[in-house]
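Data block below; observations after.
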Amino acid sequence: MTAQQPLTYDAFVELAAADSAVVGLVLKGSQAHDGMITPYSDHDLYVVVADDARTDLTRFSGHRSAELDLVIVTLTEFRGAGMPCWERYALARARIVLDRLDGGIARILADRARLDADEAFRDSGGWLDAYTNSLYRSVKNHRDGRALAARLDAADSMRFLLELLFALDRRPRPYNKYLEWELARHPLPGWDTDVLLRSVDRISATGDVALQRHLFTLVEAAAREAGHDEVLDAWGDDLDLVRPR
């Protein structure tokens with residue numbers, strides 16, 4: 001394409017679909033989330049090529065414009081070896097534009113959308129400890145009159161809480177932009193979406209200690225049900241500070 005004719009999404013998809021080296025096209029980001037498209041939304045497209053194939057499309061590697069961002073990867077890379085962990089949610093909710101592997105691209109995306117049991121247990125244990133630590137620091141700072149520190153720790157704790165709750169459901173946490181979108185369509189089992197979002201909003205903004213303590217009782221119950229007694233019990237009597245009075 002010339003400077004007068006910038007590369008468009010539709011033009012590139014047509015070009016890629018005609019290239020036998022391309023085994024998959026995967027659209028991620030706002031364009032893959034119904035209702036999230038704005039006038040500023042570009043097309044973020046993964047171009048998956050066969051491992052042993054050669055293609056002229058590599059000349060578009062790293063292409064970025066207001067209309068189209070391209071990532072060209074081999075099939076092996078797309079399976080996971082070369083994919084950054086922060087892309088997991090993007091791929092979990094991505095849209096398949098082309099799948100020449102008889103559903104193989106769809107299976108790869110399905111794998112990205114679901115943590116295996118061991119991974120989920122390990123990750124949720126780590127996030128539970130991080131959440132409890134920030135919660136404890138927030139409540140302790142509030143007790144000691146350090147208002148700013150208390151609010152900052154409370155906000156940190158909400159990040160860890162969301163990681164924890166999604167890991168308990170064996171799902172990657174959505175980016176903040178898509179949190180409400182995700183929960184509206186795929187609620188977390190056992191959690192009222194509206195109540196959870198209001199709690200996260202208020203705690204992040206104000207560090208409300210009573211609400212933090214109430215929320216912890218719900219989290220503790222869910223975590224113990226999932227088998228994380230060891231993580232919580234390691235905190236000993238310190239948990240008394242973060243439980244309701």
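Since the structure is predicted, the reported quantities are computational estimates derived from the model, not experimental observations.
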(request) State, yes or no, whether a side-chain contact exists between Val200 and Met158 at a heavy-atom distance under 4.5 Å. (result) yes
(request) For Val48 and Leu25, run side chain to side chain contact (heavy atoms under 4.5 Å, CB included): C-alpha distance rounded to whole Å, both residues' side-chain angles, the deciding distance at 0.1 Å, then the answer. (result) CA-CA 6 Å; Val48 187; Leu25 295 172; over 6 Å; no
(request) Determine whether Val73 and Val71 make a side-chain contact, defined as any pair of heavy atoms from C-beta on separated by less than 4.5 Å. (result) yes
(request) Mind telling me whether Tyr175 and Tyr178 have parallel, tilted or perpendicular rings, with 30° and 60° as the class edges? (result) tilted
(request) With rounding to the nearest 0.5 Å, note down the distance linking CG in Asp156 to OG in Ser138. (result) 9.5 Å
(request) Mind checking the CG-CG spacing from Leu183 to Leu188? Nearest 0.5 Å is all I need. (result) 5.0 Å
(message) Quick test of your reading of the model: are Glu163 and Arg159 salt-bridged, counting only N-O distances below 4.0 Å?
(response) no
(message) With heavy-atom distances below 4.5 Å as the criterion, would you say the side chains of Glu182 and Arg171 are in contact?
(response) yes
(message) With a 3.5 Å distance limit and no angle check, can you tell me whether Ser41 reaches the backbone of Thr38 through a side-chain donor-acceptor pair?
(response) yes
(request) Kindly indicate whether the side chain of Pro189, heavy atoms from C-beta on, has any atom under 4.5 Å from the side chain of Asp169. (result) yes
(request) Could you tell me whether Arg88 atom CZ has more than 12 heavy atoms of other residues or ligands within 6.0 Å of it? (result) yes
(request) Establish whether Leu165 and Phe216 are linked, either directly or via other cluster members, by ILVMFWY side-chain heavy-atom contacts under 4.5 Å. (result) yes
(message) Ring centres under 6.0 Å, that's the criterion: do Phe12 and His63 meet it?
(response) no
(request) Would you mind checking if Asp208 and Arg202 are paired as a salt bridge, meaning a charged N to carboxylate O distance below 4.0 Å? (result) yes
(message) Assess, by modelled atom type and distance only, whether the side chains of Tyr46 and Glu87 contain a donor and an acceptor separated by less than 3.5 Å.
(response) yes
(message) The criterion is side chain to side chain contact (heavy atoms under 4.5 Å, CB included); which residues satisfy it with Ala184, sequence neighbours excluded?
(response) none
(request) Mind listing the closest non-hydrogen atom pair of Thr193 and Pro187 along with its distance? (result) OG1-CB, 3.7 Å
(request) Go through Asp19 and Val22 one step at a time and tell me if the side chain to side chain contact (heavy atoms under 4.5 Å, CB included) criterion holds. (result) CA-CA 6 Å; Asp19 190 327; Val22 176; 4.0 Å; yes
(message) Counting C-beta onward and ignoring hydrogens, is there a side-chain heavy-atom pair between Leu232 and Arg224 closer than 4.5 Å?
(response) yes
(message) More than 12 heavy atoms of other residues, nucleotides or ligands under 6.0 Å from NE2 of His142: yes or no?
(response) no
(request) Establish whether Leu27 and Leu98 are linked, either directly or via other cluster members, by ILVMFWY side-chain heavy-atom contacts under 4.5 Å. (result) yes
(request) Spell out, yes or no, whether Leu115 and Leu128 are grouped together once hydrophobic residues are joined by side-chain heavy atoms under 4.5 Å, including indirect joins. (result) no
(message) Quick check: is Phe160 connected to Leu152 through a chain of hydrophobic side chains (ILVMFWY, heavy atoms under 4.5 Å apart)?
(response) no
(message) Are Leu161 and Leu218 linked, directly or through intermediate hydrophobic residues, by side-chain heavy-atom contacts shorter than 4.5 Å (ILVMFWY only)?
(response) yes
(message) Would you say Ser134 and Asp153 are linked by a side-chain donor-acceptor pair, where the criterion is simply a distance under 3.5 Å?
(response) no
(request) Please say whether more than 12 non-hydrogen atoms of neighbouring residues, nucleotides or ligands are located less than 6.0 Å from CG in Asp233. (result) yes
(message) Between Trp181 and Asp34, is there a side-chain donor-acceptor contact under 3.5 Å, judged purely by atom types and distance?
(response) no
(message) For a 4.5 angstrom cut-off between non-hydrogen side-chain atoms, does Leu91 reach Phe78?
(response) yes
(request) Report the distance from atom CZ of Arg213 to atom CG of Leu241, rounding to the nearest 0.5 Å. (result) 5.5 Å
(message) Please tell me whether Tyr136 and Trp235 form a close aromatic pair, meaning their ring centres lie under 6.0 Å apart.
(response) yes
(message) A side-chain contact here means heavy atoms from C-beta on lying under 4.5 Å apart; do Arg93 and His33 qualify?
(response) yes
(message) Working to the nearest 0.5 angstrom, can you tell me the gap between Asp238 CG and Arg243 CZ?
(response) 10.5 Å
(message) With a sphere of 6.0 Å drawn around CD of Glu180, does it hold more than 12 non-hydrogen atoms of other residues, nucleotides or ligands?
(response) no
(request) Search all heavy atoms of Ala66 against all heavy atoms of Asp42 and return the closest pair with its distance. (result) O-CB, 3.2 Å
(message) What's the separation between atom NE2 in His214 and atom OG in Ser199, rounded to the nearest 0.5 Å?
(response) 6.5 Å
(message) With a 4.5 Å cut-off on side-chain heavy atoms, are Leu75 and Val49 touching?
(response) no
(request) Nearest 0.5 Å please: distance from the CD atom of Gln212 over to the OH atom of Tyr131. (result) 7.0 Å
(message) Counting only heavy atoms not in Asp116 (residues, nucleotides, ligands), do more than 12 fall under 6.0 Å from its CG?
(response) yes
